[in-house]
Amino acid sequence: MLQVMKHINKPVAAFVFAALFSVLGGTQAVAQAVADGTVPVADSAGAAASVLERWQTDPATIFDASEINLSDLAFIARPVVVFADSPNDPRFAEQMALLLSRQSDLALRHVIIVTDTDPAAVSALRLLLRPHGFALVLIDTDGRVALRKPEPWDVRELTRIIDKMPSRLREIGR
């Protein structure tokens, strides 16, 4: 399956991933897919390029919080950070499936997806945002926390929040 996912474009991959989520039985399948690498995740092979360059090349890439410096993304991208105490947390798997199912909507709004599932690693984002267990945090381009949720949230709701932000209204010329 990994070989198939590598050879199709990202919007199609997200659609296929969402379909597999519903067919294969939900969160356990999503957690396994993330662990197996069938979801595009940033790896050390791209270490020579900056996070910003890799994200601009492929907005469907999922980044680990240890790679992220918010100041590098200022006024360019909106991080959506998904925290969990383990990649096996069903809420984490559900949230990732929701984000990946409508990744093109997020890309239009300059959203970069960031995950942190290792509390022991103590990333800079974990220190700054102080999540307790699962948390979804949306950060605007100016570095301000725009939304914090303790449960998975649908992309439709996220995009509604983003579309009301002054920074987004400026981007689309309103």
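Looking only at side-chain heavy atoms (C-beta outward), L138 and M165 come within less than 4.5 Å of each other. Under the 4.5 Å side-chain criterion, counting only non-hydrogen atoms from C-beta, L125 is in contact with L70. Between P152 and F92, the closest side-chain pair of non-hydrogen atoms is not below 4.5 Å. Counting only heavy atoms from C-beta outward, the side chains of K164 and R168 never approach each other to under 4.5 Å. Side-chain contact check for W55 versus L73: every heavy-atom pair is 4.5 Å or farther apart. Using a 4.5 Å heavy-atom threshold, the side chains of M96 and V82 count as touching. Side-chain contact between L136 and V81: absent, with no pair of heavy atoms (C-beta onward) separated by less than 4.5 Å.
For the side chain to side chain donor-acceptor pair (under 3.5 Å) test, no residue two or more places apart in sequence or in another chain qualifies with D142. Under the salt bridge (Lys or Arg N to Asp or Glu O under 4.0 Å) criterion, R78 pairs with D140, E171, sequence neighbours left out. For S71, the side chain to side chain donor-acceptor pair (under 3.5 Å) partners at least two apart in sequence or on another chain are N69.
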Decide side-chain contact (heavy atoms from CB on, under 4.5 Å) for D85 and D89; before the verdict, give the C-alpha distance in whole Å, the side-chain angles of both, and the deciding distance to 0.1 Å. CA-CA 7 Å; D85 289 340; D89 184 330; 5.7 Å; no

Does the side-chain contact (heavy atoms from CB on, under 4.5 Å) test come out yes or no for L99 and V111, once each step is laid out? CA-CA 10 Å; L99 293 172; V111 170; over 6 Å; no

Stepwise side-chain contact (heavy atoms from CB on, under 4.5 Å) check, V114 with V80: CA-CA 6 Å; V114 181; V80 167; over 6 Å; no

Could you check L158 against K149 for side-chain contact (heavy atoms from CB on, under 4.5 Å), going step by step and ending with a plain yes or no? CA-CA 11 Å; L158 277 173; K149 291 292 177 184; over 6 Å; no

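Taken to the nearest 0.5 Å, the CZ atom of F83 stands 7.5 Å off from the CZ atom of R148. Expressed to the nearest 0.5 Å, how far CD of E53 lies from CG of D72 amounts to 10.5 Å. Separating the OG atom in S123 from the CG atom in D64 is a distance of 7.5 Å, to the nearest 0.5 Å. Rounding to the nearest 0.5 Å places CZ of F63 at 6.0 Å from CD1 of I68. In this structure, the separation between CG on D105 and CD on Q103 is 9.0 Å, given to the nearest 0.5 Å.
Side-chain N or O atoms of E67 include none that pairs as donor or acceptor with a backbone N or O of V51 at under 3.5 Å.
Residue R144 places its CZ atom among more than 12 non-hydrogen atoms of other residues, nucleotides or ligands, all under 6.0 Å distant.
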